[in-house]
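Single-structure report; data block below.
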Amino acid sequence: MTTKTLPLDLAERSYQIIIGPNLLESLGEQLAPLLSGRQIAVVSNETVAPLYLSRVVSALEKSGFRVVPVILPDGEQYKNWQSLETIFDTLIENRFERSSTLLALGGGVVGDMSGFAAASLLRGVGFVQVPTTLLSQVDASVGGKTGINHRLGKNLIGAFYQPKRVVIDTETLKTLSPRDFFSGLAEVIKYGIIWDAGFFGYLEENMAAILNLQNDHLTHLLYTCCAIKADVVAQDEREQGTRALLNLGHTFGHAIETQAGYGQILHGEAVAIGMIMAAELACIRGLCNRETVLRIKNLIQHANLPTTAPAHFTPEAYLEAMGRDKKVSGGKIRVILNGEIGTAELHTDIPPAQIKRAILAHTDR
Ligand code: NAD
Ligand code: GLY
């Protein structure tokens with residue numbers, strides 16, 4: 001498999017997404033021409049650091065970087081102020097300057113937190129994403145959304161802050177747990193539903209090969225998803241319109257994650273159930289036919305993802321959590337609903353009774 005480069009075009013904040021095998025080894029050479037300073041903090045966690053930190057540190061040191069590692073506890077439940085404090089304490093103690101850089105080595109949790117730390121330390125230091133989960137490679141590392149959770153809602157505190165480079169080493173997927181790989185597939189399927197019917201069809205035909213981690217399929221999938229994300233973000237960096245489509249299933253999904261307790265139901269798992277609820281709601285409102293709901297549900301099932309929410313989650317609790325979503329405007333819940341495969345739109349003014357019906361149709365009894 002060869003290395004591929006995708007540009008994300010954002011005027012002076014433009015950057016490249018590099019996708020290929022064994023890219024960790026050349027990180028120093030890749031970053032040296034991009035970064036003005038030579039001080040770099042590698043933020044990772046207790047699971048990823050033992051696997052990849054030493055390789056990253058020696059690659060950076062070879063190119064003259066002084067590296068400070070920051071190792072956080074692992075889990076969505078640690079995507080909070082306390083972890084940010086740990087990052088800030090280390091960087092301030094090590095006299096970081098505006099020319100210094102934070103490099104996120106890990107999944108979406110490490111990436112989102114490191115990006116927010118980079119955006120706020122000294123009002124902005126350099127930031128590089130080295131995502132190591134499928135979910136972070138196809139979605140979280142690209143586009144500059146950073147942040148932490150609040151106990152009342154997911155990702156409610158954060159900033160838009162673009163990295164200077166995204167380096168996707170495809171070999172890192174080989175150590176990922178199957179459950180985390182499946183979780184990433186939810187965001188992959190999302191791109192097919194909202195943007196690209198051909199890609200959705202490709203996923204329907206090739207899910208077995210993808211689940212076997214066949215290299216050519218993984219490359220195609222990573223490249224296609226990053227290309228769609230780069231296109232969407234270049235059109236609408238700050239989510240004034242099109243970018244909101246990337247939140248398909250997330251309004252329901254965030255409500256599921258919040259109700260379950262962070263880390264209990266994985267982000268991709270919650271999004272998968274959320275996309276089925278969104279498709280149900282779209283069908284109730286006449287935006288798509290029943291066959292489309294079934295295709296979405298079947299593909300999610302083939303990706304080994306859950307298709308129903310636990311029985312004890314009540315529709316009232318969803319509505320409460322959905323009312324705190326970032327997309328709420330004028331107190332009104334706004335959700336992304338698919339039309340036929342490959343299309344989606346933002347919808348407001350949906351009667352709560354219809355939302356409840358869609359939730360209950362995909363909740364365990
Ligand atoms: P995660 O970061 O928790 O990673 C999942 C698990 O995999 C963790 O236990 C992690 O330690 C482990 N891991 C990471 N890389 C590994 C590897 N190569 N080998 C073995 N284990 C590895 O979760 P995630 O699914 O990557 O990301 C979910 C987070 O991303 C959520 O907080 C979500 O809100 C966020 N997100 C952000 C955006 C965005 O645009 N910023 C988009 C989608 C999701
Ligand atoms: N994951 C949604 C976005 O980046 O906009």
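Order of listing sets the numbers, starting from 1, for every ligand and every atom in it. Bear in mind that the values here come from a model prediction, so they are computed numbers and not experimental data.
Residue contacts with ligand 1 for N149 are absent, since no atom lies close enough (heavy atoms, distance under 4.0 Å). Residue T47 touches ligand 1 through its side chain alone, judged by heavy-atom distances below 4.0 Å. Residue-level proximity to ligand 1 for T146 is absent, since no heavy atom of it falls below 4.0 angstrom. Contact annotation for D180 and ligand 1: only side-chain heavy atoms (C-beta onward) come within less than 4.0 Å of the ligand. Under 4.0 Å from ligand 1, not a single heavy atom of V142 appears. Using a 4.0 Å cut-off between heavy atoms, L266 makes no contact with ligand 1 at all. If you look at H267 next to ligand 1, the close heavy atoms, those under 4.0 Å, all belong to the side chain. Contacts with ligand 1 closer than 4.0 Å are made by side-chain heavy atoms of K229 only, the backbone lying farther away.
Between R243 and ligand 1, not a single N/O pair is under 3.5 Å apart. At under 3.5 Å, a nitrogen or oxygen of E76, whether backbone or side chain, sits near a nitrogen or oxygen of ligand 1. At least one N or O atom of T172 sits closer than 3.5 Å to an N or O atom of ligand 1. At under 3.5 Å, a nitrogen or oxygen of K145, whether backbone or side chain, sits near a nitrogen or oxygen of ligand 1.
In this structure, atom 14 (C) of ligand 1 lies nearest to the protein heavy atom T133 CG2, 3.2 Å. Of the protein's heavy atoms, L135 CB, 3.6 Å lies nearest to atom 25 (O) of ligand 1. Atom 4 (O) of ligand 2 has K229 NZ, 2.5 Å as its closest protein atom, hydrogens excluded (heavy atom only). Looking only at heavy atoms of the protein, atom 19 (N) of ligand 1 is closest to T175 OG1, 2.7 Å. Looking from atom 1 (P) of ligand 1 to the surrounding protein, the closest heavy atom is V109 CG2, 3.8 Å. Among all protein heavy atoms, the one lying closest to atom 33 (C) of ligand 1 is K154 NZ, 3.5 Å. The protein heavy-atom contact nearest to atom 15 (N) of ligand 1 is T132 OG1, 2.7 Å. Counting only heavy atoms of the protein, atom 8 (C) of ligand 1 lies nearest to D74 OD1, 3.3 Å. Remark: minimum distance from atom 1 (N) of ligand 2 to any protein heavy atom is reached at D139 OD1, 3.1 Å. Looking at atom 13 (N) of ligand 1, its nearest protein heavy atom turns out to be V48 CG2, 3.7 Å.
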H220 and Y202: CA distance, side-chain angles, deciding distance, ring pair (Phe, Tyr, Trp, His ring centres under 6.0 Å) verdict:
CA-CA 10 Å; H220 177 64; Y202 161 83; 4.6 Å; yes

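Looking at S136, G108, A49, A140 and measuring to atom 36 (N) of ligand 1, the nearest heavy atom belongs to A140. If you check each of E237, K145, E187, H267 against atom 2 (C) of ligand 2, the one with the closest non-hydrogen atom is K145.
Residue-ligand proximity, N247 to ligand 2, at heavy-atom distances under 4.0 Å covers atoms 2 (C).
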